[in-house]
Amino acid sequence: MPRCPSPSHAIIDLRAIAANLAVVRKRAGDRKVLFAVKADAYGHGAVEVSRYVEKHRYADWLAVATVAEGQELVEAGITLPILKLSPADPWDMDAAITSGMRLTVVDFDTLEAVSKAAVRLGITARIHIAVDSGMGRIGLRPEHLAQLTAAADRTERVEVEGVFTHLPMSDVPEGEEFTRHEIDAFMTAVTQTQTDRGPFPLVHLANSGAILGHDLGKTSMVRAGIVGYGYDPDPHANRADLHPALSWISHVTFVKTINPGDAIGYGRTWTASETTKIATVPVGYADGLSRGLSNKGHVLIGGSVHPIVGRICMDQFMVDLGPDSSVTVGDEVVLIGTQGDEVLTADDMAELLGTISYEITCAISKRVDRRWVGQ
Ligand SMILES: *Cc1c(COP(=O)(O)O)cnc(C)c1O
């Protein structure tokens, strides 16, 4: 017998991703567009999203966080070049090079590790050198770029394909000046290095924040992530016409009427002050609905906004429908998305939790079926 569908599902509207990447293309001008599909495309399904983006050429490059993520795409037949955004672990190096994935080199040690594996395999490894201009995560300081590049250029079986930095303050207005200085420092190092050895095929620095808000200068590629999925990294800025691609939908499994004084859920943290109807929804923290939304979050049912009441359980949560509700078992519940005139976004959820839209969509667990529409 076929497996039953999960009681909630995420709908990914690929046309929304197309529209969002069209915004990126426009801002990028003649630069190449890399689309970050790490973390299963921020929860949107890396293989399906990558296939769609490759088929229509909405992006020229893809990026992943782990070698396994890159292997998954290669095995699915994706042919766009794939950049692994962080250095590969030594034990993953052979698989990474064999797959054709582009590797990030952060210092002389990583360069040596890549080169040794590439020589042994007899395969030329293509690398992107990471510069740390202020993120403090990976990469070497701008003033050491020329030296590492020269070493890489002399290294057997290594081809320098790109150089990049990552901007930690590009998504907030107060980061404007810092980001401008960072871009200057990085571009100065790149320009000096290029004077010595000729141009890097690819120079890239812009994440979504910089694509939406900064001068992209003499770079040749942008690295879009969240913007492609329809969110501005600064939820309070409205810098482009973006369309959230993911909706999260479930349905009511139970409705009951409770009396004043009746309590709901583990810990009995919510008590009815009047007679009201309570709906139960088969989604919980195991699906990625943060328990932090207990007595805080909202969902859409019957075309209006209703509060989550009581603690969110592992597999279910409860909603106060109000005394006069005509909602019945089977009615649609929208956790993220639109219903009638109402909209709930990952940003709305993120704000209640003190986090960002990225974490909300990434957290929707494997138990939740994905359905892709708009191919
Ligand atoms: C994830 C990632 C991106 C994309 O970031 P967004 O803020 O989602 O646009 C770009 N560059 C690097 C190095 C990343 O790790």
Side-chain angles (χ1 to χ4, degrees), residues 16-17 20-25 27-28 31-44 46 49-50 53 58-67 69-70 73 81-88 101-106 110 127-140 161-173 175 179 182-183 186 202-214 216 219-237 239-240 242-246 346-347 350 355-363:
I17 293 179
N20 300 329
L21 288 178
V23 170
V24 172
R25 271 266 183 241
R27 305 237 172 183
R31 295 170 187 85
K32 297 219 179 292
V33 171
L34 171 150
F35 190 28
V37 294
K38 60 196 181 191
D40 203 24
Y42 294 37
H44 295 64
V49 167
S50 299
V53 159
Y58 293 133
D60 311 296
W61 276 69
L62 299 170
V64 296
T66 69
V67 175
E69 287 177 349
L73 298 181
I82 300 166
L83 172 64
K84 177 171 161 28
L85 294 161
S86 47
M101 213 173 300
R102 276 45 169 196
L103 293 176
T104 291
V105 161
V106 292
T110 11
I127 64 162
H128 291 228
I129 298 174
V131 172
D132 183 1
S133 54
M135 175 74 181
R137 186 169 65 181
I138 57 164
L140 72 168
E161 189 175 38
V163 59
F164 71 102
T165 189
H166 193 54
L167 308 168
M169 296 281 280
S170 63
D171 55 340
V172 284
T179 302
E182 238 190 312
I183 294 177
F186 171 71
L202 292 166
V203 177
H204 45 110
L205 54 77
N207 50 5
S208 294
I211 292 167
L212 294 175
H214 285 273
L216 301 172
T219 59
S220 45
M221 184 158 81
V222 299
R223 299 189 309 270
I226 199 72
V227 64
Y229 303 103
Y231 289 95
D232 190 315
D234 177 0
H236 305 293
R239 293 177 287 186
L242 300 174
H243 307 272
L246 181 145
D347 275 336
T355 183
I356 52 179
S357 58
Y358 304 63
E359 189 177 355
I360 300 296
T361 63
C362 282

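Keep in mind that what you see is a predicted model, and the values were worked out from it rather than measured. In each ligand, atom 1 is the first atom listed, and ligand 1 is the first ligand listed.
- Within the 6.0 Å centre-distance limit, the rings of F35 and Y229 are counted as a close aromatic pair.
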Please evaluate residues L140 and I129 with respect to the criterion side chain to side chain contact (heavy atoms under 4.5 Å, CB included), reporting the C-alpha separation (whole Å), side-chain torsions for both, the decisive distance (0.1 Å), and the verdict. CA-CA 9 Å; L140 72 168; I129 298 174; 3.7 Å; yes

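- A salt bridge links D60 with R25: the closest approach of a Lys/Arg side-chain nitrogen to an acidic carboxylate oxygen falls below 4.0 angstrom.
- You'll find the side chain of V222 stays beyond 4.5 Å of the side chain of R27, heavy atoms only.
- The six-membered or imidazole ring of H204 lies away from that of W61, with a centre-to-centre distance of 6.0 Å or more.
- Within the structure, every pair that satisfies the salt bridge (Lys or Arg N to Asp or Glu O under 4.0 Å) test and touches residues 223-235, not counting sequence neighbours, is listed here: D232-R239.
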Atom pairs and distances, ligand 1 N/O vs protein N/O under 3.5 Å:
from	atom 1	to	atom 2	distance (Å)
ligand 1	7 (O)	Y358	OH	2.7
ligand 1	8 (O)	Y42	OH	2.6
ligand 1	8 (O)	I226	N	2.8
ligand 1	9 (O)	S208	N	2.8
ligand 1	9 (O)	S208	OG	2.4
ligand 1	9 (O)	G225	N	3.0
ligand 1	11 (N)	H166	ND1	3.4
ligand 1	11 (N)	R223	NE	2.8
ligand 1	11 (N)	R223	NH2	3.3
ligand 1	15 (O)	K38	NZ	2.7

